[in-house]
Number of protein chains: 2
Amino acid sequence: MARAALSSKAVVGLALEIVDESGPAALTLAAVAARAGVAPPSLYKHVRNLAELRVLVSGQVMEEFAEHGNAAVLGRSGDDALRALMRAWRAYVVRNPHRYAAILQSPEPATAAIAERLVDILLAALRAYDLEGSQAIHAARCMRAAAHGFAVLETGGAFQLPEDLDESYELLIDMVIAGLRREPPRS
Amino acid sequence: MARAALSSKAVVGLALEIVDESGPAALTLAAVAARAGVAPPSLYKHVRNLAELRVLVSGQVMEEFAEHGNAAVLGRSGDDALRALMRAWRAYVVRNPHRYAAILQSPEPATAAIAERLVDILLAALRAYDLEGSQAIHAARCMRAAAHGFAVLETGGAFQLPEDLDESYELLIDMVIAGLRREPPRS
DNA sequence: CTTGAAAGCTAATGTCATTAGCCAGCGATG
DNA sequence: CATCGCTGGCTAATGACATTAGCTTTCAAG
C-alpha cells in the first residue's frame with residue numbers, strides 16, 4: 001500500500017466534523033476534500049460516492065448513539081431503565097443535533113446490523129414489562145416513535161412556546177410508561 | 001397583467017405534483033420548469049428562489065394537513081376526539097407520504113400562522129382533559145411528538161418487522177390517552 | 001396607436017458530483 | 001540495486017442545477 005494519507009475511515013471522520021459544524025446538508029464531497037487538503041476526485045479512491053459516504057456517516061452515528069443508549073440502561077431495569085434510555089436518547093440529540101439528523105431512515109443493508117442492535121437495546125429495556133412477543137415489538141415502536149418524534153421536533157425548532165422542554169419530555173416518558181402498564185394483551 | 005400563463009399558485013401546484021410523485025428531494029426548479037413547459041429562469045418571475053418555493057409548498061401542505069385534522073375532530077371530544085385526530089394524522093401521512101415529508105420544520109415566519117392553527121386544533125382536542133395552561137402545552141407536544149415520530153419512522157421505512165403497523169399505532173394512541181389521564185398537575 | 005410592465009427567453013456564471021485518464025511514490029521481487 | 005505494479009493523488013471534462021443579467025415580446029390601458 002502506498003502513502004497511507006487518507007482512508008475511508010479518515011474521510012468519514014472529516015465528514016462527521018462537517019456534519020457537526022454545519023449540519024447534514026453541508027456534507028458535500030467538495031467540503032470534505034477541502035478539509036482533507038485534497039482535490040475532490042481524490043475522495044473517490046476511498047468512498048464510492050456521496051451517497052455511500054452518507055451511509056457510512058449514518059452508520060457511524062447510529063453506532064455511537066446505540067452505544068450511548070446501551071450505557072444508559074446498564075444495571076437498570078423496569079421503569080428505571082426505560083426512563084434512563086429515553087433521557088439518554090434526548091441527551092444525545094441535544095448534544096449532537098446535527099449528528100442525529102444525519103442518521104438515515106431508509107433501511108440500508110449496510111447499517112441493518114446496527115439498527116438491529118438498537119432494537120435489541122429497546123427490547124431489553126422493555127423486558128421487565130412482561131410483554132409477549134409481538135406486544136414487545138409494538139411497545140418498542142411506540143417508544144421509538146415518541147423519542148424520535150420529540151427529538152426531530154425539538155432540533156427542528158418546532159417547539160416555539162416558552163414552556164420548559166425538559167418538563168414536556170418528562171411527561172412524554174410518563175406517558176410511555178403509563179401506556180406500558182395498562183397494556184392489555186389483546187388479540 | 002400580460003399573458004397570465006403561469007402564476008405563483010400554479011408553480012406551487014406543479015411543485016406539489018413533483019413532490020407527490022418523486023418526493024421532496026426531487027423538487028428542483030428545473031423539474032418544475034420542465035413540467036410547466038418553460039425555461040428554468042422564467043420561474044423567477046413567480047417565485048423568489050427554490051428555498052421560497054419549498055416554503056410555499058410546505059405551507060400549502062401544512063394547511064391541507066391541518067384542515068384534514070380539523071375535519072376529523074369535528075363533533076367529537078375527549079378520548080374520541082384524540083383518537084380521531086391521531087388516526088387522521090397517520091391516515092394523511094400514509095396517503096401522502098411525500099407531501100408530509102415536504103413539511104419544513106424550521107419556523108418560517110411565513111408559515112407561522114398555519115402552524116399556530118395546528119397547535120390550536122391539538123389544544124382543542126385536549127380540552128376535555130382539564131389541563132391547566134402549561135400542562136396542555138406539554139401534552140400537546142407529547143401528542144405531536146408521538147404522531148410525528150411514528151409518521152416519520154413509518155414513511156422512512158424504519159419499521160421493518162412484520163408486526164402490524166395499525167396495531168402499533170393503536171397502542172401509541174392508547175399510551176397518549178393513558179398518559180393524559182394519569183397526568184399529575186405537579187409543580 | 002403607443003407604451004410600459006409583465007412574463008418569457010437566451011447567455012453566462014458558479015457550485016457540485018462524477019468519470020476518465022495521467023503520474024508519481026513505494027514496497028515487493030528479481 | 002533496478003524494476004514493476006499498485007495505490008492514491010491530480011487535472012481535465014461533463015453534466016445537473018440554481019441563479020443573475022439583460023433582451024424581447026405581448027397585451028392591455030390610455
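In what follows, chains carry the letters A, B, and so on, assigned in the order in which the sequence lines appear, proteins first and then strands, with residues in each chain numbered from 1.
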Quiz item: Quick one: is B/His46 getting a side-chain N or O under 4.0 Å of the C/dG8 phosphate, OP1 or OP2?
Solution: yes
Self-check item: Pairs where residues 100-127 of chain B contributes a residue and the test salt bridge (Lys or Arg N to Asp or Glu O under 4.0 Å) is met, not counting sequence neighbours
Solution: B/Glu67-B/Arg117
Practice problem: Please list, chain by chain and in numerical order, all residues satisfying side-chain contact (heavy atoms from CB on, under 4.5 Å) with A/Arg48, sequence neighbours excluded. | Solution: A/Glu52
Practice problem: Report the residue (A/Arg54 or B/Ser42) whose heavy-atom-nearest nucleotide on DNA chain C is the more 5′ of the two. | Solution: B/Ser42
Quiz item: Can you list every side chain to side chain donor-acceptor pair (under 3.5 Å) pair that touches residues 20-42 of chain A, not counting sequence neighbours?
Solution: A/Glu17-A/Arg35, A/Asp20-A/Arg99, A/Glu21-A/Arg35
Quiz item: What integer distance in Å separates A/Leu6:CG from D/dT7:C1'?
Solution: 13 Å
Practice problem: Take atom CD of A/Glu52 and atom C1' of C/dA17, then tell me their distance rounded to the nearest Å. | Solution: 15 Å
Practice problem: Would you please name every residue forming a side-chain contact (heavy atoms from CB on, under 4.5 Å) with B/Tyr44, sequence neighbours left out? | Solution: B/Leu29, B/Asn49
What pairs of nitrogen or oxygen atoms, one from the protein and one from nucleotides 18-22 of chain C, lie under 3.5 Å apart?
unit_1, atom_1, unit_2, atom_2, d
C/dT18, OP2, A/Tyr44, OH, 2.9
C/dT18, OP2, A/Leu50, N, 2.9
C/dT18, O5', A/Tyr44, OH, 3.2

Self-check item: Which nucleotide in D/dC10, D/dC17, C/dC16 has an atom nearest any side-chain atom of A/Ala30
Solution: C/dC16
Quiz prompt | Other ILVMFWY residues reachable from B/Leu74 by side-chain steps of under 4.5 Å | solution = none
Quiz prompt | Partner of B/Arg181 by salt bridge (charged side-chain N to carboxylate O under 4.0 Å, His left out), out of B/Asp130, B/Asp174, B/Asp79 | solution = B/Asp79
Quiz prompt | Among C/dT10, D/dC10, C/dA17, the one nearest A/Thr28 by side-chain distance | solution = C/dA17
Quiz item: With sequence neighbours excluded, what pairs up with B/Phe159 under the ring pair (Phe, Tyr, Trp, His ring centres under 6.0 Å) test?
Solution: B/Phe150
Self-check item: Inter-end axis angle, the helix from C/dC1-D/dG30 to C/dG30-D/dC1, with every axis fitted to five base pairs (rounded, 10 degrees)
Solution: 10°
Exercise. Could you list the residues that satisfy side-chain contact (heavy atoms from CB on, under 4.5 Å) with A/Ile137, not counting sequence neighbours?
Key: A/Leu123, A/Arg141, B/Leu161, B/Glu163
